[in-house]
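For reference, the structure discussed in these notes is given below.
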2 protein chains.
Amino acid sequence: MNPTIKDVAKHANVSIATVSRIVNGLPGYSEETKKKVQQSIEALGYQPNAIARGLINKRTQTIGVLFPDVSGMLSSEVLEGVENAAHDGGFSVIVCNTTSSGKRTVKYLRLLQEKRVDGIIFASEDVKEEYYKIFEEMKVPVVLVSTASSKYDLPFVRVNDFDGAFQATEYLIRKGHKVIGMIGGSDEDPIAGVPRMQGFQKALESNGLSFTNNHITKNEGYRFQNGKESLPLLLKKLPDMTALFAASDEMAIGAMSAAHQLGIRVPEELSIIGYDNLKIAEMCYPPLTTVSQPLKDMGQTSGEMLVSLIKGEQQEAKSRYMPFTIVERQSVSEFRDK
Amino acid sequence: MNPTIKDVAKHANVSIATVSRIVNGLPGYSEETKKKVQQSIEALGYQPNAIARGLINKRTQTIGVLFPDVSGMLSSEVLEGVENAAHDGGFSVIVCNTTSSGKRTVKYLRLLQEKRVDGIIFASEDVKEEYYKIFEEMKVPVVLVSTASSKYDLPFVRVNDFDGAFQATEYLIRKGHKVIGMIGGSDEDPIAGVPRMQGFQKALESNGLSFTNNHITKNEGYRFQNGKESLPLLLKKLPDMTALFAASDEMAIGAMSAAHQLGIRVPEELSIIGYDNLKIAEMCYPPLTTVSQPLKDMGQTSGEMLVSLIKGEQQEAKSRYMPFTIVERQSVSEFRDK
DNA sequence: GCGTTTTACGTAAACGTTTACGTAAATCCC
DNA sequence: GGGATTTACGTAAACGTTTACGTAAAACGC
């Protein structure tokens with residue numbers, strides 16, 4: 001088994017306190033003793049026990065990250081950023097796949113509480129009261145990413161969804177489109193659903209274009225299949241539609257797939273703009289023009305923010321709206337009268 | 001701060017041993033005492049400290065998972081399966097993004113050793129000697145997923161890449177194609193590179209079709225861009241090619257993108273079959289026919305295998321070749337003479 | 001009733017580490 | 001030279017939990 005600090009102390013003929021001081025770079029030993037101890041460490045293959053250290057220090061150098069769908073394309077990019085920042089800051093990342101289940105989320109939070117993680121990153125879901133209660137009990141910093149909470153004062157890192165949707169819609173308008181539809185999410189989703197729909201609506205109205213309920217189809221999810229099913233519905237409500245804004249890249253690509261099947265040419269007959277700039281946006285046909293959420297950077301930023309809070313480098317984190325851009329590819333063309 | 005077992009014992013007027021017995025469901029207390037203690041636990045909001053428990057039990061209920069690219073589409077699906085199996089088995093998952101760097105991998109392994117994880121899942125990369133040395137020092141079970149080691153006797157969960165490539169190629173042959181190319185990986189990659197190329201070659205030869213170096217282009221990576229760049233090269237070497245097998249879905253989709261750009265219709269003029277069955281395979285245009293690696297199931301299986309080894313339910317794991325299928329979509333058509 | 005067995009506790013030690021504090025020796029400065 | 005300060009240790013206690021073992025009381029069976 002792994003040698004302990006006692007084994008090293010015995011081997012080097014010093015006390016365990018001396019070994020500890022040397023291992024942790026604290027003062028209080030001679031160069032000669034240091035060399036002797038280091039030789040013993042190497043000879044025995046000593047690896048400090050982080051568990052014992054965590055018990056004493058009341059700090060585990062570990063953070064927990066909760067995702068509603070760990071294999072989703074959004075999550076995996078955010079995770080990469082978080083993991084990079086955490087690792088650079090000396091922290092390990094326990095990943096939790098909540099599957100959007102409140103019960104499972106509570107279970108994970110309790111587990112992370114038992115494991116005495118130093119902080120939490122909570123991604124892409126609304127914060128429920130029972131989660132917030134556990135956060136308070138745990139007394140560790142929490143950072144939200146790709147979400148926010150209107151009810152609880154928790155720092156977040158996200159894109160301004162209203163603005164993103166507004167600008168995506170304006171982009172279509174500037175391309176000359178006048179009949180523009182939207183494939184939206186849920187109007188019970190305060191994070192990705194409502195603000196994106198409001199931004200769409202506001203852009204139409206600000207540009208003197210009409211907005212009615214016929215301009216939006218709503219969905220419970222944001223997946224490829226949702227987009228694929230929505231296009232025919234939207235065309236029925238808005239037969240003269242020449243452009244559409246989809247509230248996620250996956251839905252945009254689903255709409256493209258449906259367009260192909262309906263014999264509608266993209267972008268010649270129907271321009272499509274998405275939201276996310278997932279890796280697949282450049283891989284679809286035609287390559288998707290989309291609002292770019294810098295997912296990995298958001299992960300990185302939230303990770304750095306949490307590390308900074310844990311380390312006490314700052315007492316309060318300032319929430320961050322990350323910049324977005326419109327990434328132009330080939331799914332949007334100028335409006336041409338038919 | 002969190003109340004300790006001492007606080008509960010004092011509140012309930014029992015010893016800490018009694019609280020521990022009750023919390024852990026061991027025998028040795030009356031029903032009356034149990035009720036009293038449970039009330040104290042609830043009143044104080046006691047959450048056991050898993051760190052202290054881990055120190056005593058020499059088991060942390062935590063596993064480490066190493067990926068070369070945590071946000072890759074392959075990795076994220078495997079991770080989901082691993083995390084599910086681990087969670088169900090009572091284990092937490094620390095995720096490590098090695099970025100294919102040997103140095104970083106060693107750093108992570110040392111970190112996991114310090115944190116005394118109960119087991120390791122190592123994904124999608126070759127096992128180097130220095131990694132194996134650390135595995136041995138750690139004295140915990142290791143399971144490989146989506147990879148294997150010819151040099152070290154470590155249990156693995158993977159698909160038979162040779163067979164998968166063989167059958168993908170035979171599928172094209174059965175569709176009547178006679179001039180078939182391959183966009184391959186690296187012939188220094190013993191995991192995904194060499195076997196897939198060998199399976200391709202064997203299928204051609206077994207069916208009396210010619211195989212030369214002109215039938216394969218090689219790449220260092222397996223990405224969309226690799227596939228996009230490879231198609232023109234392959235067409236130059238094999239101008240009469242009517243079908244191609246790509247060693248990954250991303251490369252297949254890259255080849256499709258290049259075909260669109262070159263004005264080559266898929267599948268009418270060029271049939272394409274991929275390898276992986278990533279989520280994007282159904283989202284591209286046309287939807288990709290591909291060899292299906294059951295990534296999530298592989299993650300699940302490897303996670304279950306590791307949990308079983310940790311728990312001592314089995315002494316030795318039996319390596320598993322997971323079944324694959326050809327998922328037919330719309331990127332392959334019957335050969336038709338031009 | 002008495003010896004044996006079982007039940008329901010509590011005590012003490014352990015796990016591997018960190019660190020406050022005491023002490024002896026060396027060094028510095030007047 | 002002597003007092004004050006600094007250096008280089010070691011000891012003991014702590015962290016929060018688990019559990020082996022001892023002991024007293026209760027239960028059982030002859």
Side-chain angles (χ1 to χ4, degrees), chain A residues 1-38 40-41 44-62 90 111 113-118 137-139, chain B residues 1-38 40-41 44-62 90 111 113-118 137-139:
Chain A
M1 205 48 174
N2 287 291
T4 68
I5 201 168
K6 287 176 193 168
D7 301 316
V8 174
K10 192 167 181 180
H11 191 269
N13 230 13
V14 297
S15 73
I16 55 176
T18 298
V19 178
S20 185
R21 277 189 284 265
I22 290 165
V23 165
N24 293 296
L26 297 172
Y29 45 84
S30 64
E31 275 305 310
E32 183 189 340
T33 301
K34 183 178 177 182
K35 277 193 172 56
K36 195 170 43 168
V37 168
Q38 285 176 333
S40 294
I41 286 169
L44 295 179
Y46 170 68
Q47 285 285 334
N49 186 325
I51 306 302
R53 185 192 283 141
L55 188 56
I56 287 282
N57 289 343
K58 296 181 187 275
R59 176 165 291 179
T60 55
Q61 301 299 129
T62 307
L111 186 60
Q113 186 180 7
E114 274 196 28
K115 284 184 185 280
R116 301 296 197 264
V117 294
D118 300 324
E137 273 183 45
M138 289 172 78
K139 296 198 161 58
Chain B
M1 206 47 173
N2 285 293
T4 70
I5 202 168
K6 286 178 196 170
D7 300 316
V8 174
K10 191 168 182 180
H11 191 269
N13 230 15
V14 297
S15 74
I16 54 176
T18 299
V19 178
S20 184
R21 278 190 283 264
I22 290 164
V23 166
N24 292 296
L26 298 173
Y29 45 83
S30 64
E31 276 303 310
E32 184 188 340
T33 300
K34 183 179 178 183
K35 276 196 174 51
K36 194 169 42 166
V37 167
Q38 284 176 334
S40 294
I41 285 169
L44 295 179
Y46 170 68
Q47 286 284 335
N49 185 327
I51 308 303
R53 185 193 283 143
L55 187 57
I56 287 284
N57 289 344
K58 296 183 187 270
R59 177 164 291 179
T60 54
Q61 300 298 127
T62 306
L111 186 60
Q113 186 181 7
E114 275 196 28
K115 283 185 185 282
R116 302 295 198 264
V117 295
D118 300 324
E137 272 184 47
M138 289 173 76
K139 298 199 160 56

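Labels below follow one simple rule: chain letters A, B, ... track the order of the sequence lines, proteins then strands, and each chain is numbered from 1.
Here Lys58(A) does not reach the OP1 or OP2 of dT18(C): none of its side-chain N or O atoms lies under 4.0 Å away. Applying the 4.0 Å criterion to OP1 and OP2 of dA8(C), one finds that Thr18(B) has every side-chain N and O outside that range. In this structure, Thr4(B) does not reach the dG16(D) phosphate: none of its side-chain N or O atoms is under 4.0 Å from OP1 or OP2. At dA8(D), none of the side-chain N or O atoms of Thr33(A) fall inside 4.0 Å of OP1 or OP2 (strictly under the cut-off).
Comparing dG10(C), dA20(C), dT17(D) by their closest approach to the side chain of Tyr46(B) singles out dT17(D). Comparing dG16(C), dG10(D), dC15(D) against the side chain of Ala17(A) picks out dG10(D) as the nearest. Nearest to the side chain of Ser15(A), among dT17(D), dG10(D), dA8(C), sits dG10(D). Side-chain atoms of Leu26(B) lie closest to dT19(D) of the nucleotides dC9(C), dC9(D), dT19(D). Nearest to the side-chain atoms of Asn24(A) among the listed nucleotides dT18(C), dC9(C), dT17(D) stands dT18(C). Across dT17(D), dC9(C), dT17(C), the shortest atom-to-atom separation from the side chain of Arg53(B) is found for dT17(D).
Taking 4.5 Å as the limit, some side-chain heavy atom of His11(A) sits within range of a side-chain heavy atom of Leu44(A). Side-chain contact between Arg21(B) and Thr18(B): present, with at least one pair of heavy atoms (C-beta onward) separated by less than 4.5 Å.
With rounding to the nearest 0.5 Å, the separation of CZ in Arg116(B) from OG1 in Thr60(B) is 10.0 Å. Atom-to-atom distance recorded for Ile41(A):CD1 and Gln47(A):CD is 10.0 Å, nearest 0.5 angstrom.
Rounded to whole angstrom, the span from the CD atom of Gln61(B) across to the P atom of dT17(D) amounts to 16 Å. Rounding to whole angstrom units, CG of residue Leu55(A) and P of dT17(C) are separated by 12 Å. In this entry the distance linking CZ of Arg21(A) with C1' of dT7(D) reads 11 Å, nearest Å. The separation between Leu44(B) atom CG and dG16(D) atom C1' is 15 Å, rounded to whole Å. Whole-Å rounding puts the Glu32(A) CD to dC9(D) P distance at 8 Å. Between Lys115(B) atom NZ and dT17(C) atom P the separation is 14 Å, expressed in whole Å. Taking atom CG of Asn13(B) as the reference point, atom C1' of dG10(C) lies 12 Å away to the nearest angstrom. One interatomic measurement links the two molecules: CG of Asn57(B) to P of dG16(D), which rounds to 17 Å at whole-angstrom precision.
Judged by distance alone with a 3.5 Å cut-off, no donor-acceptor contact links the side chain of Arg116(B) to the base of dG16(C).
Contact annotation for Pro27(A): no contact, since no heavy-atom pair falls under 4.0 Å across all strands. Looking at heavy-atom distances under 4.0 Å, Ser20(B) makes contact with a base.
In this structure a side-chain-to-backbone donor-acceptor pair under 3.5 Å is missing from Asn57(B) to Arg59(B). The backbone N or O of Ala50(B) lies less than 3.5 Å from no partner atom in the side chain of Glu114(A), so there is not a single donor-acceptor pair.
Comparing Ala52(B) and Ile16(B) by the nucleotide of DNA chain C whose heavy atom lies nearest to each, the residue mapping closer to the 5' end is Ile16(B).
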